[in-house]
Protein chains: 2
Amino acid sequence: MGHATLETFGGVDLGEIDGMTVLQALSDPVRLEIVRQLAGCTGSTDMPCGQIEVPVTKSTASHHFKILYLAGVLAKREQGTSKYMRLRRDELDERFPGLLDSVLRATAV
Amino acid sequence: MGHATLETFGGVDLGEIDGMTVLQALSDPVRLEIVRQLAGCTGSTDMPCGQIEVPVTKSTASHHFKILYLAGVLAKREQGTSKYMRLRRDELDERFPGLLDSVLRATAV
DNA sequence: ATAGAAGTTCGATCTCTGTCAAATAAGACA
DNA sequence: TGTCTTATTTGACAGAGATCGAACTTCTAT
């Protein structure tokens, strides 16, 4: 059905996530690269998984997406065969103030 | 020789350390507990290794101290048979602004 | 000199996790 | 229906890292 897909983003409940989970999710070079590319998107823009360039195979990338999703770092939106990912900037910053920014700054290229 | 030991703290050059190293050093529950106990010390106070309580054996604790030291998180001072550890708060915050604080906040008990 | 205290290092497990290839699931489209 | 695209899942594997006990080093003290 060609229905609306009205911003139907799915994400885990950040209230249930503890800091160590997020910290460990962010402590991997590949995942950090994913986050960085999504952070590069303006505001609430999202990207299809396949459009994010990482130096691993598709299955490995999918594995990293799952970890980031379960850690509450990413939100998912499905459209057709693609799944669009979005960085949960604001929510993350409310729950863990300053964490994402300082991590991105510390590991900046 | 009973000489002065005038604040002879040893630590790696933080300029040579990259963010991922620090991030991974902080991404372990035991090490984070070490850091937290050292952060509890007022200002530049230090503690002997053995006085920091962690749920692992002495050798494992020593391993974690080494990782934290090599990541530039801790500085070491030797006195007698003891080795005093100090958290490099200010230096760390200058090199990686906000990182330590946000990590400690995010993983607070 | 002998013993004790504080840490480190070594060697051996054991678990975790990042990785890939192949198989699978689901949607789009001819 | 069949095929292509997109992404996930499964199974296997390898490397990294956390852990422990035992041996070793160094300083202190008796």
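Residue numbers begin at 1 in each chain, while the letters A, B, ... track the order of the sequences.
Comparing B/S82 and A/H64 by the nucleotide of DNA chain C whose heavy atom lies nearest to each, the residue mapping closer to the 5' end is B/S82.
B/I34 places its CD1 atom 10 Å from the P atom of D/dT19, with the value rounded to the nearest Å. The nearest whole Å value for the distance from the CZ atom in A/R77 to the C1' atom in D/dT6 is 15 Å. Across the protein-nucleic acid pair, A/L68 atom CG and C/dG18 atom P stand 10 Å apart, rounded to whole Å. When the P atom of D/dG17 is taken as reference, atom CG of B/L26 falls 15 Å away, rounded to whole Å. Distance, A/Y84 OH to C/dG27 P: 15 Å, rounded to whole Å. Taking atom CD of A/Q51 as the reference point, atom C1' of D/dT6 lies 13 Å away to the nearest angstrom. The CG atom of A/D28 sits 12 Å away from the C1' atom of D/dA16 (whole-angstrom rounding). Rounded to whole Å, the distance from CE on B/M85 to P on C/dG7 is 8 Å.
Other residues, nucleotides and ligands contribute more than 12 heavy atoms inside 6.0 Å of the CG atom of B/D13.
When the nucleotides D/dT19, D/dT8, C/dT8 are ranked by their closest atom to the side chain of B/V30, D/dT19 comes out on top. Listed nucleotides: D/dA18, D/dA7, C/dG7. Nearest to the side chain of B/C49: C/dG7. Comparing atom distances between the A/T60 side chain and each of C/dC20, C/dG18, D/dC20 picks out C/dC20 as nearest. The nucleotide whose nearest atom lies closest to any side-chain atom of A/S62 is, among C/dA28, D/dT19, D/dA7, D/dA7. Of the candidate nucleotides C/dT9, C/dT19, C/dG27, C/dG27 has the atom lying nearest to any side-chain atom of A/T81. Considering only the side chain of A/S59, C/dA22 comes nearest among C/dA22, D/dC27, D/dC20. Comparing D/dT8, C/dG7, D/dA18 against the side chain of B/I67 picks out D/dA18 as the nearest.
At D/dC20, one or more side-chain N or O atoms of B/T57 fall inside 4.0 Å of OP1 or OP2 (strictly under the cut-off). OP1 or OP2 of C/dT9 has at least one side-chain nitrogen or oxygen of B/K66 nearer than 4.0 Å.
Both B/L104 and A/L100 belong to a single network of hydrophobic side chains, linked directly or stepwise wherever heavy atoms of I, L, V, M, F, W or Y lie under 4.5 Å apart. A continuous path of ILVMFWY side-chain contacts below 4.5 Å connects B/L14 to B/V12, so both sit in one hydrophobic cluster.
With B/D93 contributing its side chain and B/L99 its backbone, the two residues share no donor-acceptor pair below 3.5 Å.
Within 4.0 Å (heavy atoms only), B/K58 reaches at least one base atom of the nucleic acid.
Atom SG of B/C49 is separated from atom NZ of B/K76 by 8.0 Å, given to the nearest 0.5 angstrom.
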